Amino acid sequence: MTTPESPHSENEGAYNFAALEAKWAAYWEEHQPFTIDDTDSSKPRKYILDMFPYPSGDLHMGHAEVYALGDIVARYWRLQGFQVLHPIGWDSFGLPAENAAIQRGVDPKEWTYSNIEQQKTSMKRYAASFDWSRVLHTSDPEYYHWNQWLFLTLYDKGLAYRKDSWVNWDPIDQTVLANEQVLPDGTSDRSGAVVVKKKLTQWYFKITDYADRLLDDLNQLEGRWPSKVLAMQRNWIGRSEGAEVDFVIEGRPTPVTIFTTRPDTLFGATFMVVAPDSDLAAELVADASAAVKEQFAHYLEATQRITEIDRQDAGRTKTGVFLERYGINPVNGERLPMWASDYVLADYGTGAIMAVPAHDQRDLDFARVFDLPVRVVLDTNAPVTGAIPVVTDEMLESGDIPALDPRATGEALSGNGRMINSGPLDGLSKDHAIGRILDLLEETGGGRRAKTYRLRDWLISRQRFWGTPIPILYDSSGAEVPVGLEDLPVRLPESEGLDLKPKGTSPLGAATEWSTVEKDGETFTRDPDTMDTFVDSSWYYLRFLSPKDDSQAFDKKKVEAWAPVDQYVGGVEHAILHLLYARFITKVLFDLGHVSFTEPFTSLLNQGMVILDGAKMSKSKGNVVYFSEELDAYGVDAVRLTMAFAGPPEDDIDWADVSPVGSQKFLARAWRLSGDVDSSPGIEFGNGDAALRRHTHRFLADVPGLIESFKFNVAVARTMEMVNHTRKTVDQGPGGSDAAVREATEAIALALSLFAPHTAEDMWERLGHEPSVALQRWPDADHTLLVEDSVTAIVQIDGKLRERLEVSPMIGGDELKALAMETPGVKRSLEGKTIVKVIVRAPKVVSIQTTS
RNA sequence: GCCCCGGUAGCCCAAUCGGCAGAGGCAGACGACUUAAAAUCGUCCCAGUCAGGGUUCGAGUCCCUGCCGGGGCACCA
């Protein structure tokens with residue numbers, strides 16, 4: 001039905017998002033506007049990368065956010081005249097896919113690739129501006145071939161090695177986990193199982209060799225990565241600086257080295273503790289009495305049975321076994337009894353410590369349980385600066401002086417103060433004492449400055465089927481033989497006939513035909529494990545540059561042209577694992593001369609989570625918002641716009657707090673403007689309505705900065721403001737034929753092309769232009785239009801606002817001050833007062849200070 | 001316990017360098033259009049910035065202390 005009189009409905013129909021989506025999806029599919037010629041060097045380049053998804057089911061609202069935000073950035077740089085590489089692929093190996101396949105009794109490959117197709121369809125519907133010509137899947141042999149190359153490259157440099165050690169074992173998934181995959185509560189980040197310790201021979205990447213660089217290079221990323229992520233990475237690497245000190249052990253030819261961050265307290269050591277599960281403990285107890293040996297054996301067993309959860313209970317009463325051995329304190333020759341206790345960790349430092357109960361809470365707790373001596377060596381009541389007393393006169397008078405008796409109070413003394421009972425250190429402050437003792441230790445050879453890290457080597461073996469086979473063979477003696485590069489890829493066998501159910505060993509080992517290799521008359525066995533999928537994603541950003549190259553992992557020339565990634569977009573859940581590994585692998589590739597940069601991701605944007613009613617969405621809670629249902633209900637553009645408008649990108653979006661309906665109404669309102677423009681494309685804007693033109697050019701000038709600083713919500717708000725002004729100009733001003741209305745509406749269409757691509761394309765077409773709006777240039781603002789005729793200056797007297805006046809923005813300070821003094825409000829306020837000071841900040845403020 | 005981020009209107013959020021607390025939206029009220037409603041168009045209402053100190057002519061913004069919320073690390077020597 002049409003209402004002939006209505007100005008907004010002349011045979012143009014209503015805003016119909018479904019029709020627009022169908023129309024423009026077909027256009028993009030046919031023209032592929034985002035497939036780039038990567039050899040074209042006429043334009044500057046940007047590499048915008050969104051974290052690629054796992055293909056476990058359809059896309060969800062979290063994907064909707066990340067791909068909306070990444071696309072804004074990609075589309076923005078295109079409008080700025082850049083050649084933008086914006087690829088997508090699938091992280092398609094891994095446990096989620098495999099477990100799902102097991103539950104459904106289908107081939108993981110079929111299951112994975114059909115999910116990929118579903119997600120691909122959804123992404124195209126979502127109008128993400130990807131270059132669809134360079135899709136990769138990490139589960140393709142064409143990809144994991146180079147994963148194996150990477151492994152062998154690290155192996156060749158001694159950075160991939162096999163080690164027998166206690167590993168994190170997930171009893172549900174029946175596989176080992178990296179330290180990074182064990183949650184703080186001691187459960188698996190995937191299955192939720194309580195992780196237990198198991199001794200296995202596994203492959204590791206030597207990431208600890210890079211600990212210092214991984215830490216120090218974070219400084220380069222300051223301001224470009226979220227500070228939260230930088231903090232998390234620093235925390236995770238956990239460098240501590242201190243000293244290694246050698247303790248001679250009675251009856252042992254070589255000394256035992258301990259690590260301490262408090263070498264200043266060396267004179268306060270009263271016993272030593274070794275980790276029960278360390279080789280050292282086993283060796284030390286070997287000569288002990290039968291009773292102690294038995295006690296120790298029981299203790300070791302108990303330690304290994306204890307769960308990570310229990311170990312983290314700091315309030316747990318300390319336990320331990322005296323080993324009947326003594327170490328000699330190198331600084332004073334004292335005999336220190338040696339104990340084994342589980343509060344000392346085998347794989348941190350050297351697995352042995354000197355215990356200083358007076359100044360370390362854990363040591364004190366232990367000493368109090370086993371009645372060991374406690375000696376204070378740092379007087380924490382003594383002032384360090386001399387000027388500021390720790391013990392005040394009031395405390396002296398009241399006798400309320402802190403007791404320096406940790407044994408009685410149970411509180412270790414952790415503060416600063418002056419050294420006592422410490423020979424050459426006596427009288428020094430803590431910091432000076434540390435410097436002094438380090439010098440002394442190095443002079444006498446009894447110790448040295450040292451650093452230690454929380455970061456451990458990266459365990460990459462997984463006892464699962466759906467991953468990259470580790471390209472290592474074992475000969476009949478069990479020796480490692482790397483697969484030759486010419487024999488890559490080592491392809492996964494078909495899953496048919498294999499039992500994929502978790503049983504503690506890799507299903508690949510049971511594929512005897514696959515795992516047995518005859519070569520030159522000798523029989524070899526393949527390593528049955530597959531690689532952690534974080535290996536796959538640690539270098540995929542390089543593969544996108546030459547995804548079809550079957551002669552090398554990546555094309556060095558393309559890498560030089562495009563990498564590192566200019567903008568990486570993804571969830572903060574990868575703040576440690578993925579990003580740390582990608583940084584590590586990049587540094588390794590740099591050292592080997594494969595790439596010329598040391599950090600893979602120049603800038604990082606983390607989006608928050610999409611939640612509902614204050615809670616994380618989950619099927620069990622029944623508070624899930626479904627991606628496809630939202631698209632059906634509101635349309636792609638409205639959902640994308642809602643993601644951008646909800647708030648700062650890194651904040652969580654509570655879907656209950658935002659209004660996709662509101663977004664939809666706004667888009668319809670913007671779209672209608674394109675039907676109200678009554679002028680021809682190419683019209684001279686110069687004669688248009690001056691007020692609207694000023695708004696438009698202010699908008700053109702401001703939006704780029706807003707996008708570049710990720711203030712997408714503000715950019716959307718500014719676009720809404722533009723629409724409001726333009727509407728008003730059409731309805732209440734010069735009308736739709738005014739040139740400024742066209743100029744404004746074109747600017748709106750360009751801005752909307754970042755957030756609402758279908759609506760923007762259609763507006764652009766209705767404005768009489770050829771598609772695609774996505775390939776236009778963002779117009780430069782005319783700076784002569786940015787200068788305001790007049791601005792409001794304020795006059796403050798004693799901090800209170802007393803007067804406003806309209807002045808020229810070019811006004812001088814003296815003139816403004818004179819004007820201000822003449823105003824009635826100021827005169828009135830100044831009556832009976834003496835002016836002390838006048839501060840003028842032309843053209844904004846005059847601030848007058850008085851005494852009354 | 002240590003570290004990071006945040007707290008502005010009923011709600012989501014803005015506010016270059018310290019310079020008039022409000023850009024935008026949601027919700028709400030009212031009006032225009034309509035037989036009516038929806039849609040649309042328009043007008044309006046609402047906080048003094050978590051609390052307390054400090055610096056300053058001037059503080060949402062800088063500094064200190066505390067409270068609340070979110071996140072990370074934690075028996076790491």
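Remember, predicted model here, so these are calculated numbers, not experimental data. Residue numbers begin at 1 in each chain, while the letters A, B, ... track the order of the sequences.
Across all strands shown, B/A27 forms no Watson-Crick or G-U wobble pair with both key distances under 3.5 Å. With both pairing distances under 3.5 Å, B/A38 is matched to nothing as a Watson-Crick or G-U wobble pair. Under the Watson-Crick or G-U wobble criterion, with both distances below 3.5 Å, B/G6 is paired with B/C68. Figure legend. B/U49 is base-paired to no nucleotide; pairs are counted as Watson-Crick or G-U wobble with both atom distances under 3.5 Å. Base pairing of B/C73: its partner is B/G1, meeting the Watson-Crick or G-U wobble criterion (both donor-acceptor distances under 3.5 Å).
Map A/Gly662 and A/Thr350 each onto its nearest nucleotide of RNA chain B; the residue landing nearer the 5' end is A/Gly662. Each of A/Asn724 and A/Asn713 has a nearest nucleotide on RNA chain B; the 5'-most of these lies closest to A/Asn713.
Separation of the P atoms belonging to B/U40 and B/G25 is 13 Å when rounded to the nearest angstrom. Across the C1' atoms, B/U49 and B/C62 are found 16 Å apart, a figure rounded to whole Å. Comparing B/U65 with B/A23, their C1' atoms are spaced 34 Å from each other, to the whole Å. Atom name C1', nucleotides B/C75 and B/C68: the rounded distance is 30 Å, in whole Å. Across B/C45 and B/C3, the matching C1' atoms stand 44 Å from one another, rounded to whole Å. Spacing of P atoms, B/G1 relative to B/G66, comes out at 11 Å, to the nearest Å. Rounded to the nearest Å, the gap between the P atom of B/U61 and that of B/G53 is 14 Å. Comparing B/G60 with B/C44, their P atoms are spaced 26 Å from each other, to the whole Å.
Base engagement by A/Phe645 is indicated by at least one non-hydrogen atom pair under 4.0 Å involving a base atom. As judged by a 4.0 angstrom heavy-atom cut-off over every strand, A/Arg669 is placed among residues touching the sugar-phosphate backbone only. Residue contacts shown for A/Asp654 are absent, as no nucleic acid heavy atom lies under 4.0 Å away. If you check every strand for non-hydrogen atoms under 4.0 Å, A/Gln796 touches a base. Residue contacts shown for A/Gln732 are limited to sugar-phosphate atoms, with no base heavy atom under 4.0 Å away. Among the atoms of the strands shown, base atoms are found under 4.0 Å from some heavy atom of A/Thr792.
Of the candidates B/G24, B/C57, B/C5, the closest approach to any side-chain atom of A/Met720 belongs to B/G24. Comparing B/A14, B/G71, B/G72 against the side chain of A/Ile576 picks out B/G72 as the nearest. Of the candidate nucleotides B/A77, B/G19, B/A23, B/A23 has the atom lying nearest to any side-chain atom of A/Val714. When distances run from any side-chain atom of A/Asp657 to the nucleotides B/C12, B/C57, B/U43, the shortest one goes to B/C12. Nearest nucleotide to the A/Pro648 side chain, out of B/C12, B/G19, B/C13: B/C13. Closest approach to the A/Asn235 side chain among B/C41, B/G24, B/C73 is made by B/C73 (side chain taken as heavy atoms from C-beta onward). Of the candidates B/C4, B/U43, B/G24, the closest approach to any side-chain atom of A/Glu721 belongs to B/G24. Nearest to the side-chain atoms of A/Ala231 among the listed nucleotides B/C4, B/C41, B/A77 stands B/C4. Distance from the side chain of A/Ser847 is smallest to B/C57 among B/C57, B/U40, B/C13. When each of B/U40, B/C76, B/A23 is scored by its nearest atom to the side-chain atoms of A/Lys665, the top-ranked nucleotide is B/U40.
Using modelled atom types and a 3.5 Å distance limit, the side chains of A/Thr319 and A/Tyr299 yield a donor-acceptor pair. Residues A/Glu806 and A/Thr792 bring a donor and an acceptor atom of their side chains to less than 3.5 Å of each other. Side-chain N/O atoms of A/Asn235 and A/Arg454 include no donor and acceptor closer than 3.5 Å. A donor and an acceptor atom, one from each side chain of A/Trp655 and A/Glu630, are located under 3.5 Å apart. In this model, no donor atom of one side chain and acceptor atom of the other lie less than 3.5 Å apart for A/Asp277 and A/Thr303.
Computed from coordinates, the A/Asp651 CG to B/G69 C1' distance equals 13 Å when rounded to whole Å. In this structure, the CG atom of A/Asp613 is 13 Å from the C1' atom of B/C11, given to the nearest Å. Straight-line distance from the CG atom of A/Leu801 to the C1' atom of B/G48: 14 Å, rounded to whole Å. For the pair A/Leu580 CG and B/G72 P, the interatomic distance rounds to 17 Å; values are reported in whole Å. The nearest whole Å value for the distance from the CD atom in A/Glu244 to the C1' atom in B/A77 is 13 Å. Put simply, CD1 on A/Ile794 is 12 Å from C1' on B/G18, counting in whole angstrom units. In this structure, A/Met722 places its CE atom 14 Å from P of B/G25, rounding to the nearest Å. Between A/Ile258 atom CD1 and B/C76 atom P there is a gap of 15 Å when expressed in whole angstrom units.
For A/Arg362 and B/C76, the shortest distance from a side-chain N or O to OP1 or OP2 is below 4.0 Å. Contact annotation: A/Lys844 side-chain N/O to B/G18 OP1/OP2 distance is not under 4.0 Å. Between A/Arg672 and B/C41 there is a side-chain N or O to OP1 or OP2 distance below 4.0 Å. A/Ser240 has a side-chain polar atom (N or O) that falls below the 4.0 Å cut-off from OP1 or OP2 of B/A77. Taking 4.0 angstrom as the limit, A/Lys228 places none of its side-chain polar atoms (N or O) nearer than this to OP1 or OP2 of B/G71.
The cationic atom of A/Lys318 (NZ for Lys, CZ for Arg) does not lie both less than 6.0 Å from the six-membered ring centre of A/Phe370 and within 45° of the ring axis.
Ion pairing between a basic and an acidic side chain is recognised when a charged N comes within 4.0 Å of a carboxylate O; A/Asp702 and A/Arg698 show such pairing.
Listed for the A/Asp363 side chain is a donor-acceptor partner under 3.5 Å among the backbone atoms of A/Val356. No side-chain donor-acceptor contact under 3.5 Å links A/Asp246 to the backbone of A/Thr257.
Below 30°, between 30° and 60°, or above 60°: for A/Tyr581 and A/Trp458 the angle between ring planes is below 30°, a parallel geometry.
Residue side chain A/Ser659 does not reach the base of B/C26 through any donor-acceptor N/O pair under 3.5 Å, judged by distance alone.
Base orientation of B/G52: anti (glycosidic angle beyond 90° from 0). Glycosidic conformation, B/C41: anti, with the torsion outside 90° of 0.
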